[in-house]
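Encoded as structure tokens, the structure appears first; notes follow it.
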Amino acid sequence: MPVPAPNLYPDFNTIRLSHVCLNVKDLAASKAFYTEILGLQITDEDDSCIYLRAMEERGHHCVILQQSDKPGTVEVMGFKTFDDDDLDRAEAYFQQKGRPTAWVQRAYQGRTLLTSDNMGIPLEFYHQMDRLPPIHQQYALYRGVKPLRIDHFNCFSHDVDASVAFYSDFGFRVTEYTEDEDSKKLWAAWMHRKGGVHDMAFTNGIGPRMHHVAFWVPTPLNIIDLLDLMATTGHVSNIERGPGRHGISNAFFLYILDPDGHRIEIYCSDYQTVDPDLEPIKWDLKDPQRQTLWGAPAPKSWFEHGTKFVGVETKNSGLGASPIIAP
Ligand SMILES: [Fe+2]
């Protein structure tokens, strides 16, 4: 199916992705990984949850690590709206789409609407989150990969065309996409609200599952430093793919796995997409430079491993087309 035309006047205004809540087995092990390796800053913690933010974020949290009897699952993905009234419009919108809606209590957040997308991915929308003092110039605090901010989510979808149509309807705009030349179906798509290449991307596969959550770093050298750190602190098996430069998005990247198997991307240097009439870039699934500009294919695990959303059943994709996979 062709990429849908952007909806420039959606029913409610989402400004960006905001945070993710990850269910983990061992809170202490996850804390060590997310603070000492990734370098996120703790903003609160208790026996069941750890709240974290990246260095330039003023909001209270971009990651919540939650002790769980279902470790290795994702609890919810969070998005911020432009104002508080957008939340009421979002409630009406998702109800009209037949999705469940509920107002939920979330620590450090104002009114929060819990709903789900057409595949069942749990989504929450809020406008107000507690503000914290800026720390981006407190250089003594910088550790690990020196993450500046959360950048995007990427999820497996068993029907990428349907996922793209759903998010397009509430204002997400496609920046780049991969089409299967034979079926003309979408194999992957990158969609944004904030003016980068994406806030949310979808990849063909058993879905819905989280493929990864990404954090922005200032330079590729931060990624090289992280590799040296991981390779000498017992984390070499957590390194999955990269470093490299994507064809799609032009970003410099590295993929790693956290202690529960949640995939994390370290990401920098994509491009600006704020023009409302920016044309999406099309890629062929069989183009080796699509995945990696330098031609190296991704490993099999990258196309198969993902983490489930808690309590959400998955389905196989009807699209059997395969990208180039490393031997
Ligand atoms: Fe990504």
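Counting begins at 1 with the first residue of the sequence. For ligands, and for the atoms within them, numbers begin at 1 and follow the listed sequence.
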Nearest to the Fe ion (ligand 1) - the N/O/S atom of Glu265, by atom name: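 Nearest N/O/S atom of Glu265: OE1.
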Salt bridge present between Lys146 and Asp225 (N-O < 4.0 angstrom):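 Answer for the salt bridge query: no.
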Donor + acceptor pair across side chains of Asn13, Arg89 (<3.5 Å):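 Per modelled atom types, Asn13 and Arg89 side chains form no pair under 3.5 Å.
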Test item: side-chain donor near acceptor, His262 and Thr307, under 3.5 Å: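 His262 vs Thr307: donor-acceptor pair found between side chains.
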N, O or S from Asp151 under 2.8 Å to the Fe ion (ligand 1):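 Looking at Asp151, which is the residue asked about, there is no N, O or S atom under 2.8 Å from the Fe ion (ligand 1).
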Contact flag His246/the Fe ion (ligand 1), N/O/S atoms, threshold under 2.8 Å: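 So His246 does not count as coordinating the Fe ion (ligand 1).
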Minimum side-chain heavy-atom gap Glu124-Met77 below 4.5 Å: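 Not touching, per the 4.5 Å side-chain cut-off.
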Apex the Fe ion (ligand 1); atoms His212 NE2 and His152 NE2; angle rounded to 10 degrees: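 Rounding to the nearest 10 degrees gives 100°.
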